[in-house]
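A short worksheet on the structure shown next.
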Amino acid sequence: MTTELARHAARLREFARVRDWEQFHTPKNLAMALAGEVGELVAEFQWLTAEESAAPDPETLARITSELGDVTNYLVRLADLLGVDLVASAGAKLDDNERRYAPELYRGSARKAPPLPPDGRTG
């Protein structure tokens, strides 16, 4: 993890430890809590137009910001518990997507690419 993410993970770990919440922070429980928080984030966008979602009013943006904080905290805590480097994981996923979605084939298209073969090579 990056230094900043590692510091945040350590802070979350300590937050749970001093409250004796480690017993509740299982991967299953954290994943379920993460899904719930993502649902709360989605609810903030539910009835907005595309334009409104791109430029929310200050009150809505404050709620979105709070929900993004919850999502981030649960995601970082889950990754920390499982020993997953989030930045490395996201980078590897982006590497895969760069191989799957060749710009000359997918520029301006929302269609889904086929999965990468097990060897990770295209074509």
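A quick note: this is a predicted structure, and the numbers were derived from the prediction, not measured. Quick note: residue numbers are just sequence positions, from 1. These values consider heavy atoms only, across backbone and side chains, with no hydrogens, waters or symmetry-generated copies.
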Throw together a table of side-chain donor-acceptor distances under 3.5 angstrom for residues 34-46, partners on residues two or more places apart or in other chains.
from	atom 1	to	atom 2	distance (Å)
Glu44	OE1	Arg63	NE	2.8
Glu44	OE1	Arg63	NH2	3.3
Glu44	OE2	Arg63	NE	3.3

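Cluster note: Phe15 groups with Trp21, Phe24 through ILVMFWY side-chain heavy atoms spaced under 4.5 Å, whether in direct contact or through intervening members.
Here the straight-line distance linking atom OG of Ser53 with atom CD1 of Ile64 works out to 8.0 Å at 0.5 Å rounding. Atoms CG and CG, from Leu12 and Leu81 in turn, are 11.5 Å apart once rounded to the nearest 0.5 Å. How far CG of Asp85 is from CG of Leu5: 8.0 Å, rounded to the nearest 0.5 Å.
Identified under the salt bridge (Lys or Arg N to Asp or Glu O under 4.0 Å) test for residues 5-22, with sequence neighbours left out: Arg13-Asp80, Glu14-Arg17. The list of ring pair (Phe, Tyr, Trp, His ring centres under 6.0 Å) pairs with a residue in residues 67-89, not counting sequence neighbours, is empty. Applying the ring pair (Phe, Tyr, Trp, His ring centres under 6.0 Å) test to residues at least two apart or on different chains, none of the pairs has a partner in residues 75-95. Judged as a ring pair (Phe, Tyr, Trp, His ring centres under 6.0 Å), the pairs with a partner in residues 87-114 (not counting sequence neighbours) are, in order, Tyr101-Tyr106.
Every side chain to side chain contact (heavy atoms under 4.5 Å, CB included) that Leu82 has, sequence neighbours left out, goes to Pro27, Leu78, Val84. Taking Ala92 as the reference, nothing meets the side chain to side chain contact (heavy atoms under 4.5 Å, CB included) condition, with sequence neighbours excluded.
The number of heavy-atom neighbours closer than 6.0 Å to CD of Gln23, taken from other residues, nucleotides and ligands shown, is above 12. Remark: Arg107 CZ is loosely packed, at most 12 non-hydrogen atoms of other residues, nucleotides or ligands lying under 6.0 Å away.
Heavy atoms only, all atoms of each residue included: Pro114 and Arg100 are closest at O-NE, 3.1 Å.
Checking side-chain atoms of Thr72 against main-chain N and O of Leu68 turns up a donor-acceptor pair under 3.5 Å.
Under 4.0 Å is where a charged nitrogen must lie from a carboxylate oxygen, and between Arg99 and Asp96 at least one such pair does.
Contact annotation: the side chain of Leu61 approaches that of Thr65 to within less than 4.5 Å [non-hydrogen atoms, C-beta and beyond].
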